*Asks:* 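Shown below is the structure under consideration.
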Amino acid sequence: MPLFFLFFFFWLSLTCRMPLHLVLCQRRISSCSFLSSFKFVFFDSYPPFGSSHFCLCSSRNQSTKTHSVRSSPRPALGPTLKQSPMSYYASLLQSCVVRKAIEPGKQLHARIWQMGISFNPLLATKLVNLYCICNSLTNARLLFDRISKRNQFLWNVMIRGYAWNGPYEIAISLYYQMRDYGLVPDKFTFPFVLKACSALSAMEEGKKIHKDVIRTGLESDVFVGAALIDMYAKCGCVESARQVFDKIDERDVVCWNSMLATYSQNGQPDESLALCRVMALNGLKPTEGTFVISIAASADNGLLPQGKELHGYSWRHGFESNDKVKTALVDMYAKSGSVNVARILFELLEEKRVVSWNAMITGYAMHGHANEALDLFKEMKAKVLPDHITFVGVLAACSHGGLLNEGKMHFRSMISDFNICPTVQHYTCMIDLLGHCGCLEEAYKLIMEMRVEPDAGVWGALLHSCKIHGNVEMGELALEKLIELEPDDGGNYVILSNMYAQAGKWDGVARLRDLMMDKGLKKSIACSWIQVGNKVHAFLSEDASHPKSEAIYAELKRMGKLMKEAGYAPQVGSVFHDVEDDEKVDMVSCHSERLAIAFGLISTSAGTKLLIIKNLRICEDCHVAIKFISKITEREITIRDVNRYHHFKDGVCSCGDFW
DNA sequence: GTAGGGTTAG
């Protein structure tokens, strides 16, 4: 019986050229009961121009999350004799828009259709707007396509619908259709269409639209300008974003925030923080966004005093109880080495959203505190639904902690229990975990089974695992793939070269060295930072440019002697060149992190903890050496390398030598 | 007679 009715309504929708959902609404209005699952509300008591009244109520139905229209004994919002049906329905639709109430909106659409006024420009526009706001783009587009006279506002609403919800290409296509239609884009059109370009990282398209912006003279508009900055930021074009920023008249705080975010998102946290200072000097009042962006930038460069400064700055501006700022601080403290402070702030959050849980779980994962991360994940599952980022943190925790079975279990659970499709990041964690645990064949098999295209991160994880386990054959395969994906990255060649060196295959070392020279490739320059007092000191490998260089090298020599007495034997596998052993020892002992540590030792009082940040992975020899240094000097030394944290204390590293 | 921009986790 219900099937018969559905066919009947389908036929009705075809013959009446009316969308099926409206036919169903109409039927519902006529008190058909079997379609109760649609949760439409009866309008039987509604007389458009009668004496009884109803209003849209704001209370939500907890179980269905739909808004309802209910009868009201008060004659407050009903139509008046002076009120036209257009303005009456317009005001009701506006209420639906404000409340994002799609179901009552559909019923109003049905009623409007029944009355034959659904193509009234005002009502049609409001309906399209409502459908777009409620992400019901199919309905919006059905109506939009049937409206013959489309004004600027209507086009903007439809472009916005696609720019917010996708498919983003349609937003861009509609922009050009609007121009062909004879309309000139305005200050509202550009932010929408540029948002679609941002989402697609479509710089060429964005540049074309930027030219249109210039032609219409809207480049200096703050809204258009902010959208342009964001578009260039998402396309990785920092200079173009800055050019737009410099051209905007009367820049508001959002323009500043956009520019701060541009630097931060493109690996330039220091520039972001410098601009934040300029912003403060210009007397602009920072907003929540300013703090979230700046604290995130500070988390990226990992310098705790700078982050603390921002923490205080946010308090002075009354953001001490702002949960978004606090979540950014949780992330910052965790990334800057103070995972315990991060936990205290996390516990102080009034509302722990999924982002907050993710920040804390990821923080634990970075520090190799796998059990804490998994305990927190267990607690989270009882309160908040995890997302794909949560699982990146959980799998990273398993990977850094070497928890093979737990990692496999959570990976399976993510897919089957949480219906989350694994992304390349999840696969990278799994390859890292399997590879570190020596399951190289299984790791390779997983890469072959991946539902997404493996990227350089995935093959890099496999290559690194091959290096740990000395599997030259699979390492060669991984490098082959990496050369296809990252032809200009010399670091990949160096890893395989080191593997050849460890296996004594010097012809392989020479071949790779020649290959690198032919291609003009160099290994990324290793750099380490340490903050002493208010100053950040940077060191490159074998760096002798620091004013205290002589004392630093003297300290290294003194330390080397003590380490040797304590039983330290240099491991020189990570030296690229085929050189004499003595020379190799000298080369590794001058790695950037060792220079930073030596400077820290001579510049701070006994017992002071040292925090060093490095732009690459820490090498095996330095890892062994720093364990010795921590014991000999009785210092706690923390290294944040590109992958994770290493806490050295009393001759032991927190990673348990699993990294 | 209606609308708009930025930021948070690996």
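Worth saying up front: this structure is predicted, and the values here are computed from it rather than measured. Just so we're on the same page: letters track the sequence lines, and every chain starts at 1.
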*Asks:* What is the distance from CG of Leu329(A) to C1' of dT7(B), rounded to the nearest Å?
*Replies:*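 Going from Leu329(A) (CG) to dT7(B) (C1'), I get 14 Å.
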*Asks:* Looking only at side-chain N and O atoms, does His109(A) offer a donor or acceptor that is under 3.5 Å from a partner on Trp113(A)?
*Replies:*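 No, no side-chain donor-acceptor contact under 3.5 Å.
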*Asks:* Identify whether any heavy atom of Ala261(A) sits under 4.0 Å from a base atom; if not, whether one sits that close to sugar-phosphate; answer base, sugar-phosphate or nothing.
*Replies:*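 Sugar-phosphate contact only - Ala261(A) comes under 4.0 Å of backbone atoms but never of a base.
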*Asks:* Base, sugar-phosphate, or nothing for Asn129(A), non-hydrogen atoms under 4.0 angstrom?
*Replies:*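 Here Asn129(A) touches no strand at all.
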*Asks:* So Phe188(A), base contact, sugar-phosphate only, or nothing? Heavy-atom distance under 4.0 Å.
*Replies:*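 If one applies the 4.0 Å heavy-atom cut-off, Phe188(A) turns out to touch a base.
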*Asks:* Of all the heavy-atom pairs spanning Tyr181(A) and Lys149(A), show the shortest one and how long it is.
*Replies:*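 Closest pair (atom of Tyr181(A), atom of Lys149(A), distance): OH-CA, 3.7 Å.
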*Asks:* Could you state the CG-P distance from Leu123(A) to dT2(B), rounded to the nearest angstrom?
*Replies:* 14 Å
*Asks:* Of all the nucleotides listed (dG4(B), dA9(B), dT7(B)), which has the minimum atom distance to the side chain of Lys187(A)?
*Replies:* dG4(B)
*Asks:* Once you round it to whole Å, what is the distance between P of dA3(B) and CG of Leu154(A)?
*Replies:*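 Computing the Leu154(A):CG to dA3(B):P distance gives 14 Å.
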*Asks:* Gln265(A) side chain: which of dA3(B), dG5(B), dT8(B) is closest?
*Replies:* dT8(B)
*Asks:* Going by modelled atom types, is there a donor-acceptor pair between the base of dG5(B) and the side chain of Asp252(A) at under 3.5 Å?
*Replies:* yes
*Asks:* Looking only at the side chain of Val355(A) (C-beta and beyond, no hydrogens), which of the listed nucleotides dA9(B), dG1(B), dT7(B) gets closest?
*Replies:*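 So the side chain of Val355(A) is nearest to dA9(B).
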*Asks:* Would you classify Arg353(A) as touching base, sugar-phosphate or nothing, given that sugar-phosphate means primed atoms plus P, OP1 and OP2, and contacts are heavy atoms under 4.0 Å?
*Replies:* base
*Asks:* Give one of base, sugar-phosphate or nothing for Val254(A), where a contact means two heavy atoms less than 4.0 Å apart.
*Replies:*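 Base contact - Val254(A) has a heavy atom under 4.0 Å of at least one base atom.
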*Asks:* Is the side chain of Thr216(A) donor-acceptor paired with the backbone N or O of Asp212(A) at a distance under 3.5 Å, no angle test?
*Replies:* yes
*Asks:* Could you tell me how far apart Phe192(A) (CZ) and dG5(B) (P) are, to the nearest whole angstrom?
*Replies:*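 Rounded to the whole Å, the gap is 6 Å.
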*Asks:* Counting heavy atoms from C-beta on, name the nucleotide in dT2(B), dA9(B), dG4(B) closest to the side chain of Asn151(A).
*Replies:*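 The answer is dT2(B).
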*Asks:* To the nearest angstrom, how far is Leu345(A) atom CG from dT8(B) atom P?
*Replies:* 19 Å
*Asks:* Rounded to whole angstroms, how far apart are CG on Leu130(A) and P on dT2(B)?
*Replies:* 17 Å
*Asks:* Let's see if you get this right: which residues in residues 218-239 of chain A place a heavy atom under 4.0 Å from DNA chain B?
*Replies:*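 Residues of residues 218-239 of chain A that come under 4.0 Å of DNA chain B are, in numerical order, Asp221(A), Val222(A), Phe223(A), Ala226(A), Asp230(A), Lys234(A).
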*Asks:* Without decimals, in angstroms, what is the distance between Tyr131(A) OH and dT2(B) C1'?
*Replies:* 18 Å
*Asks:* Checking side-chain contact (heavy atoms from CB on, under 4.5 Å) for the pair Trp357(A)/Lys381(A): CA distance, chi angles, key distance, verdict?
*Replies:* CA-CA 10 Å; Trp357(A) 291 93; Lys381(A) 280 195 286 187; over 6 Å; no
*Asks:* Checking contacts here: which listed nucleotide (dA9(B), dA3(B), dG5(B)) is nearest the side-chain heavy atoms of Asn156(A)?
*Replies:*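 Comparing dA9(B), dA3(B), dG5(B) against the side chain of Asn156(A), the answer is dA3(B).
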*Asks:* For Asn266(A) versus Ala233(A), what's the shortest heavy-atom pair and its separation?
*Replies:* ND2-O, 3.2 Å
*Asks:* Validate the cation-pi geometry between Arg160(A) and Trp164(A): distance from NZ or CZ to the six-membered ring centre under 6.0 Å, angle to the ring axis within 45°.
*Replies:* yes
*Asks:* For residues 363-378 of chain A, which side-chain N or O atoms pair as donor and acceptor with protein atoms under 3.5 Å away, sequence neighbours left out?
*Replies:*
residue   : atom : partner   : partner atom : Å
Tyr364(A) : OH   : Arg343(A) : NH1          : 3.1
His367(A) : ND1  : His647(A) : NE2          : 2.7
His367(A) : NE2  : Ala334(A) : O            : 2.7

*Asks:* What's the closest nucleotide to the Ala296(A) side chain, out of dT2(B), dG5(B), dA9(B)?
*Replies:*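 Out of dT2(B), dG5(B), dA9(B), the nucleotide with an atom closest to Ala296(A)'s side chain is dA9(B).
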*Asks:* Nearest 0.5 Å please: distance from the CG atom of Asn358(A) over to the CZ atom of Arg353(A).
*Replies:* 10.0 Å
*Asks:* Base, sugar-phosphate, or nothing for Ser264(A), non-hydrogen atoms under 4.0 angstrom?
*Replies:*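 Counting heavy atoms under 4.0 Å across all strands, no contact is made by Ser264(A).
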*Asks:* Can you confirm whether the side chains of His426(A) and Thr423(A) place a donor and an acceptor under 3.5 Å from each other?
*Replies:* yes
*Asks:* Taking the inter-plane angle between the rings of Tyr313(A) and Phe291(A) on a 0 to 90° scale, is it parallel (under 30°), tilted (30 to 60°) or perpendicular (over 60°)?
*Replies:* perpendicular
*Asks:* Can you tell which of dA9(B), dA3(B), dG5(B) lies closest to the side chain of Phe153(A)?
*Replies:*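 Output: dA3(B).
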*Asks:* Does any residue of residues 316-325 of chain A have a heavy atom under 4.0 Å from DNA chain B, and if so, which ones, in number order?
*Replies:* Lys324(A)
*Asks:* Classify the nucleic acid contact of Trp164(A) as base, sugar-phosphate or nothing, counting any heavy atom under 4.0 Å across all strands shown.
*Replies:*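 The answer is sugar-phosphate, as Trp164(A) gets under 4.0 Å only of primed atoms, P, OP1 or OP2.
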*Asks:* Determine whether any donor atom in the side chain of Asp331(A) lies under 3.5 Å from an acceptor atom in the base of dA9(B), or the reverse, and answer yes or no.
*Replies:* no
*Asks:* Looking at Glu347(A), I want to see if its CD is surrounded by more than 12 non-hydrogen atoms of other residues, nucleotides or ligands under 6.0 Å.
*Replies:* yes
*Asks:* Output the rounded distance in Å from NZ (Lys195(A)) to P (dG4(B)).
*Replies:*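 In whole Å, dG4(B) P lies 13 Å from Lys195(A) NZ.
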